[in-house]
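Values reported hereafter were calculated over all heavy atoms of this structure, with side chains retained and with hydrogens, waters and symmetry mates removed. One-based numbering, in listed order, for ligands and for the atoms of each.
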Amino acid sequence: MNASHFNIHPQRFSRNALTVVDKLQRQGFEAYIVGGCIRDILLGKHPKDFDVATNARPEQIQQIFQRKCRLIGRRFRLAHIMFGRDIIEVATFRASHSDALGEHQAKRNDDGMLLRDNVYGNIEQDAERRDFTVNALYYDPQNNTLRDYFNGIEDLKAGKLRLIGDPVTRYQEDPVRMLRSIRFMAKLDMFLEKPSEQPIRELAYLLKNIPPARLFDESLKLLQAGQGLKTYRLLRQYGLFEQLFPALVPYFTEKGDSFAERLISTALTSTDERIADKLRINPAFLFAAFFWYPLREKVEVLKNEGGLNNHDAHALAGTETLNLFCRTLAAPRRHTATIREIWFLQLQLQKRTGAAPMRTMENPKFRAAFDLLMMRADIEGGDTVELAKWWHEFQLSNGEQRTQLVKEQQRLHPQPKKKYFRPRKRPKQKPTE
Ligand code: ATP
Ligand code: MG
């Protein structure tokens, strides 16, 4: 159908995506702009990225784009065409996995999950293996036409998310589709039709089959896309949050008001606000907040039962908590290092005498640590509120005022004088002549 009916014309697409389509078509291949970007443009939103689908095989794409092209993926082979920092993802049309012909190339595990998905096909088959009807839209800029194989445009107008095919099978093939259902509900403010919604609770456990590195990427897309709080609530509602964060399950309450749950909500709200204000966000901060109270509980156990001092207990509890977290979501090392630093700084923030405050403030992660302290103050009240106020004032003060603030602390909390063991002086020996 003619795309101009929907106020769609080539100028609304990325120039790089248009270049890729044009080059492929000039070489005699079919090529379309496809997927979420068309859905977003129809909704009047700015697409996050542009994807292209073609009947050219990955090797043929490589030949056309040469050094601009990188082939990636095992489960799903793709070509990335690079334009500086902008990347256009080009996927070869794929066939439905039930295609008996392709059975040897579409491997499944015992839970029905697809381990490889490299059965090539034509455009109709490609549309069929996409997840949602609203994501199976193809745009040809050459003649400004749209192809809509499953009434995606109608669903989009009705605000309805509908999986293509049998929902149970589609979730079994790729359990991440359950997370995508939640993500699109929150991001697009659409509802999930009953048959696509109903099996999720029962199939949520299938996420255990997904590699932790992929789940980590998905969890960022879920929680750091501007609708974190809403997404979190939906994940809880559908029993998916506990699959991503099993270590947090003991902190779930009916009212959702345990310290841990309140900190999760506060951290997500603040992340959403920062995204709305176009400020930078740091995934480490979010996860440091998620696990702060579970960490604190572990620290207490290690101190009481293991006889460790506060510092050692924190270090050990930090390692154990991060190991548990990474078992389901494999966070890259740079993130876990930052999470650890933010936790460690919660201890440093307690020290308000001598040179400690200035040293703490110079730490590159001070800002994130202070933000966490502020959130904790809201939840814990009492001494934490006083501590957060003090740091707030300390930051706003000049050098002289800071010295006063530190002196006052020294007066309020005098440190016991450290007793040094002084070695006995050896009696001087008379030089013998
Ligand atoms: P966004 O870019 O806003 O996250 P999107 O729909 O573009 O949303 P991508 O992950 O960029 O999502 O994927 C591009 C397209 O590839 C989708 O629109 C969909 O057609 C298809 N797709 C992606 N992931 C899957 C999946 N797990 N199963 C089936 N089809 C998928
Ligand atoms: Mg996309």
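Near ligand 1, Gly35, Gly36, Arg39, Lys48, Asp49, Asp51, Arg129, Arg130, Asp131, Asn135, Asp174, Arg177, Arg180, Arg183, Phe184, Lys187 each place a heavy atom less than 4.0 angstrom from the ligand.
Protein contacts to the Mg ion (ligand 2) involving N, O or S atoms at a distance below 2.8 Å are Asp49 OD1.
Residue pairs that meet the side-chain hydrogen bond (donor to acceptor under 3.5 Å, both in side chains) test with at least one member in residues 213-231, sequence neighbours left out, are Asp174-Arg214, Asp189-Lys230.
Under 4.0 Å is where a charged nitrogen must lie from a carboxylate oxygen, and between Glu386 and Arg352 at least one such pair does. Salt bridge annotation for Arg359-Glu362: absent, with no cationic side-chain nitrogen under 4.0 angstrom from a carboxylate oxygen.
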inquiry  = Please determine whether ring pair (Phe, Tyr, Trp, His ring centres under 6.0 Å) holds for the pair Tyr120 and Phe93, giving the CA-CA distance in whole Å, both sets of side-chain angles, and the decisive distance to 0.1 Å.
reply    = CA-CA 6 Å; Tyr120 299 123; Phe93 293 150; over 10 Å; no
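Residues Trp343 and Phe287 keep their aromatic ring centres 6.0 Å or farther apart. Ring pair Tyr139/Phe13: centre-to-centre distance below 6.0 Å.
For His9, the NE2 atom is densely surrounded, since the number of other residues' heavy atoms within 6.0 Å is greater than 12.
Judged by a 6.0 Å distance limit and a 45° cone about the ring axis, Arg15 is not positioned over the six-membered ring of Phe50.
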Using distance only, find each side-chain donor-acceptor pair of residues 370-379 under 3.5 Å and give its atom names and separation, not counting sequence neighbours.
| from | atom 1 | to | atom 2 | distance (Å) |
| --- | --- | --- | --- | --- |
| Arg376 | NE | Glu380 | OE2 | 3.0 |
| Arg376 | NH1 | Gln346 | OE1 | 2.9 |
| Arg376 | NH2 | Glu380 | OE1 | 3.4 |

